[in-house]
Amino acid sequence: YQLSAVLGFLNREFGKHITSEDILKRIPMSRSTLNRNFSKAFGMTPMRYLNKVRLDHAAELLVSSNLSISEIARRSGFEDSNYFTRTFRQKFGTTPGQWRKKHTEVS
């Protein structure tokens, strides 16, 4: 139950500024226990999962909206658009702008 509560919180609030401490306030366990249990259940730490949710949301917005890349970064929970671009490229192998161009040409 505790891990599903964390999962729900991250999926619901991904657009907000969330720290490890914010997650720990919601469940009665230590950081190391949370990370170990979450990783065992989902294959990654809660913060990595949060980043994945944010990047997947951003990828969807890039294709389905005309919002600027900076606005998409902000709505996806990234406070720094340069960090957003770097992490997007690490996950998807391309920049947000290139992603938008490639996936909107196909549609």
Side-chain angles (χ1 to χ4, degrees):
Y1 167 76
Q2 291 173 341
L3 292 180
S4 65
V6 171
L7 206 60
F9 169 70
L10 296 175
N11 284 319
R12 198 174 46 254
E13 305 292 335
F14 68 87
K16 298 178 180 174
H17 177 76
I18 298 172
T19 64
S20 297
E21 288 73 29
D22 295 326
I23 298 167
L24 291 169
K25 287 176 192 170
R26 288 168 166 70
I27 54 165
M29 64 177 71
S30 70
R31 179 187 315 268
S32 60
T33 300
L34 170 63
N35 285 338
R36 183 175 54 255
N37 291 344
F38 198 94
S39 292
K40 191 174 182 181
F42 304 109
M44 62 189 83
T45 65
M47 295 308 287
R48 278 206 166 190
Y49 180 82
L50 176 61
N51 229 24
K52 177 190 176 315
V53 169
R54 288 174 169 170
L55 289 169
D56 290 345
H57 181 258
E60 179 61 35
L61 282 179
L62 285 165
V63 176
S64 66
S65 76
N66 290 323
L67 297 169
S68 71
I69 291 172
S70 294
E71 180 62 16
I72 289 171
R74 190 188 65 71
R75 288 186 183 195
S76 299
F78 292 93
E79 296 176 9
D80 179 346
S81 61
N82 291 323
Y83 175 71
F84 164 66
T85 299
R86 278 194 316 274
T87 57
F88 192 94
R89 184 190 296 246
Q90 286 172 349
K91 178 173 182 177
F92 294 108
T94 187
T95 66
Q98 291 166 337
W99 177 271
R100 172 178 268 168
K101 187 173 192 287
K102 177 181 176 187
H103 290 85
T104 53
E105 288 174 355
V106 174
S107 301

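These values consider heavy atoms only, across backbone and side chains, with no hydrogens, waters or symmetry-generated copies.
- Annotation: side-chain contact (heavy atoms from CB on, under 4.5 Å) contacts of S65 (sequence neighbours excluded): L61, L67, I72, R100.
- Q98 contributes a side-chain N or O that, together with a main-chain N or O of T95, makes up a donor-acceptor pair within less than 3.5 Å.
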Applying side-chain contact (heavy atoms from CB on, under 4.5 Å), run through E21 and R31 and close with a yes or a no.
CA-CA 8 Å; E21 288 73 29; R31 179 187 315 268; 2.7 Å; yes
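- In this structure D22 satisfies the side chain to side chain donor-acceptor pair (under 3.5 Å) test together with T19, sequence neighbours excluded.
- In this structure, R54 contributes its side chain and F14 its backbone to a donor-acceptor pair below 3.5 Å.
- Separation of atoms NE2 (H103) and CG (L62) is listed at 10.0 Å; rounding is to 0.5 Å.
- In this structure Y83 satisfies the side-chain contact (heavy atoms from CB on, under 4.5 Å) test together with N51, F78, D80, R86, T87, sequence neighbours excluded.
- The minimum heavy-atom distance linking I69 with F84 is given by the pair CG2-CE2, 3.8 Å.
- In terms of the side-chain contact (heavy atoms from CB on, under 4.5 Å) criterion, residue partners of L3 (sequence neighbours excluded) are, by chain and number, L34, N37, F38, A41, F42.
- To the nearest 0.5 angstrom, W99 atom CH2 is 9.5 Å from E60 atom CD.
- Following chains of ILVMFWY side-chain contacts shorter than 4.5 Å, one can reach I18 starting from M29, so the two form part of one hydrophobic cluster.
- Evaluation of the side chain to side chain donor-acceptor pair (under 3.5 Å) rule for S32 yields S30 as partners, not counting sequence neighbours.
- Using a 4.5 Å heavy-atom cutoff, the side chains of P46 and N35 are in contact.
- Taking OH of Y49 as the reference point, atom CG of L10 lies at 7.0 Å (rounded to 0.5 Å).
- Under a hydrophobic clustering in which Ile, Leu, Val, Met, Phe, Trp and Tyr are joined whenever their side-chain heavy atoms come within less than 4.5 Å, directly or via other members, M44 and F92 fall into different clusters.
- Across all their heavy atoms, T85 and P96 have their closest contact at CG2-CD, 3.8 Å.
- Here the side chain of R75 pairs no donor or acceptor atom with the backbone of E71 at under 3.5 angstrom.
- For K40, the side chain to side chain donor-acceptor pair (under 3.5 Å) test picks out no residue, with sequence neighbours left out.
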